[in-house]
Each structure stands twice: as C-alpha cells, then as structure tokens.
S.K.: 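Input: one structure, supplied below.
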Protein chains: 2
Amino acid sequence: MATSAPEPRTPRAQQIVEVALELLETQGHDALSMRRIADRIGIRAPSLYEHVPDKRALEAAIISVGFERLADAFEAATAQPGDPLDRTARVYRSFAAAHPHLYRLMTARELHRELLTPGVEDRAGRTLYEAAGRDADLARAAWAFAHGMTILELDNRFPAGADLDAAWERGLAAFRSQR
Amino acid sequence: MATSAPEPRTPRAQQIVEVALELLETQGHDALSMRRIADRIGIRAPSLYEHVPDKRALEAAIISVGFERLADAFEAATAQPGDPLDRTARVYRSFAAAHPHLYRLMTARELHRELLTPGVEDRAGRTLYEAAGRDADLARAAWAFAHGMTILELDNRFPAGADLDAAWERGLAAFRSQR
DNA sequence: GTCTATAGTGGGATAGAC
DNA sequence: GTCTATCCCACTATAGAC
C-alpha cells in the first residue's frame, strides 16, 4: 500500500531534503533558503551544492515526498466508512490543514513534473479518480473544488463568519449527485 | 451599473497605478518592481514614494481596479441569455484567461482587505451570490470550484490531454442541480 | 566534503539637495 | 516633485583552497 519513497541517494542528500521539509513546514516557503537549510545542518550554503544540483531540484524532492505522503493518507483511508468521495475529501482537507506550507508548495504553483519522482503524482490522483467513479472530467472538477476550498481558506479569502463545513458539504453533495 | 472607480487622488498617482497594471499584465508579477514602474514613467524609483505610500498599497490599488473590472464584466453579462450560473462562470473564466497575471494577483495570495477600495470585493461577489440562488454556502462552493479550475489551469496542473470544457460543464451541472 | 571569498542580481525604501 | 546617493537587505550559485 504505502511505498517507501525512492529518495535521494546519499544520507547527506536525504538529510538535506528532510531538513528543508521541516524548515518549510515550520517557517513557510519564504524561509526556505539555501543558507537557512545549511545553517540547520551545521554546514555552509555552498556545501549543499555537492549533494543537490540546485534549489529547484531540492523543492521538487520535497514535493515528491509530499505527494507520497498524501497518497499514503488516501490509501490508508480506504478502510474508513462512508462515501469514497467524502472520505477522499476529508483526507485531502486534513492533509492541507496539517501541512499548509507543504500543500501550497505542492499545488499552488507551476509544477516541474520532470523533476518529480516518477509516478508519484498519478498515484495520489488515482484515489480521487476512483472516488469519482472513474470519470476523469468529474474527478477534475471535484479536484478543482477541493483545491479551491482549501487554498481559499489557507489564503483567508472567505468572509470571517463563513461556515466552511457547510460549503464543503454543499459542494460534495453536488458532486456525489453527478456520479 | 458600472461604477467609476474612486481611484487615487492625483493624476500622477493614477498614472502610476495604470502603468503598474500594464506592467503586471504584460510581464507578470515578478517584473512588477518599483524601479521598472518608474522606468516606464520616466522618473526614478524614489520619486514614486511621493505619490504612493509603499508597494503593498500600490498592489492593493491594482487589485481594486481588477475587482472593479470583474464586477463590471459580471454586471454587463446580466443581459446575456442562459442560466445565471453558467453566465457568471463564463465571464469569470474569460476574465482570468484575458488577464492571467492580474487574476493571480487578485486571488492567489492573502488579501490585505484594509487597503482595498471599500466594497469592491463585495460588489464582485454579489453576482455569484445571486447566481447561486442567494445561498451563501452554495455560492462559496461554486466560487471554490471556479477558482480551482481557473488557477489549476493557469498553473498547468491538468494533464496535457484533459478536456477542461468538459470538466467545467460537469462541475456547473453539479452546482446547478443543487440550487 | 567542506570551507572562504565572492560574484552577480535584484529588491524596497530613505535622506537630503535642488 | 524629482533628483542623486545610498543603505540595507536577501538570494542563488561558482571558484578555488584545504
């Protein structure tokens, strides 16, 4: 079910990705600089380049880990009761709530797919595809809804008093009715 | 119907906002620096600060203009035929397609509402609220769907062959059925 | 594998003269 | 209202020594 991520080769490279991920999760994307990553490890920034080609590749490695973890969470929830669409949405929503900065990095920018661990994006997408009754158009629409709800909430775009549980439920009901 | 935006006081300040908006639309957000704005006007960057308090306020002014224009487009489309929800979605989608960088600035980040022209966000939101049958939860869910479709497309997140017209239609049908 | 030194680039913003 | 001069910040990345 869960796969062990085929993460970078050497222990040092792996450590860099781990440290960078933790820095991202605690401090946000703006804090994710090569200098700060190096600081946390106890080396100088230029030394990072012996282990990681450049920053884009490092971010791609973090994103790959994120997709693995999201896919793990999706697959672990298969056992849970209820409608598959609701279940998938619940996992999606709590993943984003638990890892807001990681979620943003994973979804709220253009993606350099060629730098990702191969297949990792598809694996996370498969759960939603199944939950949408293997209807690709419906799955994309439902993903757009889930991402929209998530990112608008993270960006504080809804009015202060908005009942987001209710909005989620209305949307999910809409998509369930189409399947 | 359309309101004239209560834009900045002096002609110079207004020109700065116009030039900045044009720079944003043609070159994207990364190109939107005080130096480049000044270049286009033919003055030096420090002189901008005589007319605009700082960059955040300038961006907020641009965003306000964006909301005015979106609201104008929504209201102008009231005359068009078809379901209000479809009509609103069509306008939303073409606004984003026509002004991708502006759309991103308006929606894909946290919003400093206190710097916006008062009421401008509500005015744009009202059309969707009406189209959703004055159901706030449904309107928020529909907005999330529309924003998700839009921003995921702008960020090239859908697979190469994806039929986005079909995905839009599936989502809109879902929301129509709930109203 | 790590270091120092540094290049190169860009950014926002202020002080004070005119 | 605009200018010059400048500060201060931060970043990615490379060269070359050890």
Side-chain angles (χ1 to χ4, degrees), chain A residues 7-64 101-102 104-105 108-112 114-116, chain B residues 7-64 101-102 104-105 108-112 114-116:
Chain A
E7 267 171 46
R9 303 91 219 153
T10 71
R12 194 49 135 184
Q14 196 166 336
Q15 181 193 18
I16 291 170
V17 175
E18 278 164 19
V19 166
L21 174 57
E22 209 226 315
L23 184 58
L24 170 72
E25 298 232 54
T26 55
Q27 310 265 105
H29 182 257
D30 286 352
L32 193 65
S33 74
M34 298 303 269
R35 294 189 220 259
R36 264 187 274 253
I37 294 165
D39 274 356
R40 289 216 168 186
I41 296 176
I43 62 177
R44 306 293 174 179
S47 306
L48 295 173
Y49 292 87
E50 296 297 321
H51 310 282
V52 169
D54 56 25
K55 202 192 177 187
R56 264 182 51 190
L58 176 53
E59 287 191 349
I62 295 172
I63 293 170
S64 294
H101 296 298
L102 175 58
R104 234 191 263 270
L105 184 66
R109 52 185 59 221
E110 294 199 47
L111 190 62
H112 297 284
E114 71 282 4
L115 299 177
L116 293 188
Chain B
E7 267 172 45
R9 305 90 218 151
T10 70
R12 195 49 136 182
Q14 196 166 337
Q15 181 192 19
I16 291 170
V17 175
E18 278 164 18
V19 166
L21 174 56
E22 208 226 316
L23 185 58
L24 171 72
E25 298 233 55
T26 53
Q27 311 265 103
H29 182 257
D30 286 353
L32 193 65
S33 76
M34 299 303 271
R35 295 189 218 260
R36 263 187 275 251
I37 294 165
D39 273 356
R40 289 215 168 186
I41 295 177
I43 62 177
R44 305 293 174 179
S47 306
L48 295 173
Y49 292 86
E50 296 298 321
H51 309 282
V52 169
D54 56 25
K55 202 192 177 186
R56 263 181 51 191
L58 177 53
E59 287 191 347
I62 295 173
I63 293 170
S64 294
H101 296 297
L102 176 59
R104 235 190 262 270
L105 184 67
R109 51 185 60 221
E110 293 199 47
L111 190 61
H112 298 283
E114 71 283 4
L115 299 177
L116 293 188

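Residue numbers begin at 1 in each chain, while the letters A, B, ... track the order of the sequences. Atom set for the values below is all heavy atoms of this structure, side chains included, hydrogens, waters and symmetry mates excluded.
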S.K.: On DNA chain C, check which nucleotide each of B/A31 and A/H51 is closest to and give me the residue with the more 5' one.
M.R.: A/H51

S.K.: What's the separation between atom CD1 in A/I62 and atom CG in A/L116, rounded to the nearest 0.5 Å?
M.R.: 12.0 Å

S.K.: Taking only the side-chain nitrogens and oxygens of A/S47, find out if one of them lies under 4.0 Å from OP1 or OP2 of C/dC3.
M.R.: yes

S.K.: Over its full length, what angle do the end axes of the helix from C/dG1-D/dC18 to C/dC18-D/dG1 make, each axis taken from five pairs and the result rounded to 10 degrees?
M.R.: 10°

S.K.: I'd like to know whether B/E50 forms a side-chain contact (heavy atoms from CB on, under 4.5 Å) with B/I43, so could you lay out the CA-CA distance, the side-chain angles of the two residues, the decisive distance to 0.1 Å, and finally the verdict.
M.R.: CA-CA 12 Å; B/E50 296 298 321; B/I43 62 177; over 6 Å; no

S.K.: Separation of B/H29 atom NE2 from C/dG12 atom C1', in whole Å?
M.R.: 13 Å

S.K.: If I take atom CZ in residue A/R44 and atom P in nucleotide C/dT2, what distance separates them, rounded to the nearest angstrom?
M.R.: 13 Å

S.K.: Starting at CG of A/L48 and ending at C1' of C/dT2, how long is that distance when rounded to a whole Å?
M.R.: 11 Å

S.K.: What is the distance from CD1 of B/I41 to C1' of D/dC3, rounded to the nearest Å?
M.R.: 15 Å

S.K.: Donor-acceptor pairs under 3.5 angstrom involving side-chain atoms of residues 19-28 of chain A: please list them, not counting sequence neighbours.
M.R.:
from	atom 1	to	atom 2	distance (Å)
A/E25	OE1	A/H99	ND1	2.9
A/E25	OE2	A/H99	ND1	3.4
A/T26	OG1	A/E22	O	2.9
A/T26	OG1	A/L23	O	3.3

S.K.: List the atom of B/A13, the atom of B/T10, and the distance in Å for their closest heavy-atom pair.
M.R.: N-OG1, 3.1 Å

S.K.: Would you please confirm or rule out a distance under 4.0 Å between OP1 or OP2 of C/dG11 and any side-chain N or O of B/R36?
M.R.: yes

S.K.: For B/R40, what residues pass the side-chain hydrogen bond (donor to acceptor under 3.5 Å, both in side chains) criterion, not counting sequence neighbours?
M.R.: none

S.K.: Table please: side-chain donor-acceptor pairs of residues 51-61 of chain A below 3.5 Å, with sequence neighbours left out.
M.R.:
from	atom 1	to	atom 2	distance (Å)
A/D54	OD1	A/R56	N	3.4
A/D54	OD1	A/A57	N	3.0
A/K55	NZ	A/L32	O	2.7
A/R56	NH2	A/H112	ND1	3.4
A/E59	OE2	A/H29	NE2	3.0

S.K.: A/R44: which residues meet the side-chain hydrogen bond (donor to acceptor under 3.5 Å, both in side chains) condition with it, sequence neighbours left out?
M.R.: none

S.K.: Could you give the distance from CG (B/L115) to CD1 (B/I63), rounded to the nearest 0.5 Å?
M.R.: 9.0 Å

S.K.: Given atom CG of A/L58 and atom P of D/dC11, what is their separation to the nearest angstrom?
M.R.: 14 Å

S.K.: Between C/dG11 atom C1' and B/I37 atom CD1, what is the distance in whole Å?
M.R.: 12 Å

S.K.: In B/S/- notation, 5' to 3', how is nucleotides 12-18 of chain D contacted by protein heavy atoms closer than 4.0 Å?
M.R.: BBB----

S.K.: At their closest point, which heavy atom of B/R35 faces which heavy atom of B/A45, and how far apart are they?
M.R.: CA-CB, 3.9 Å

S.K.: D/dT2 C1' sits how many Å from B/Q15 CD, rounded?
M.R.: 14 Å

S.K.: Is any side-chain nitrogen or oxygen of A/R12 closer than 4.0 Å to OP1 or OP2 of C/dG1?
M.R.: no

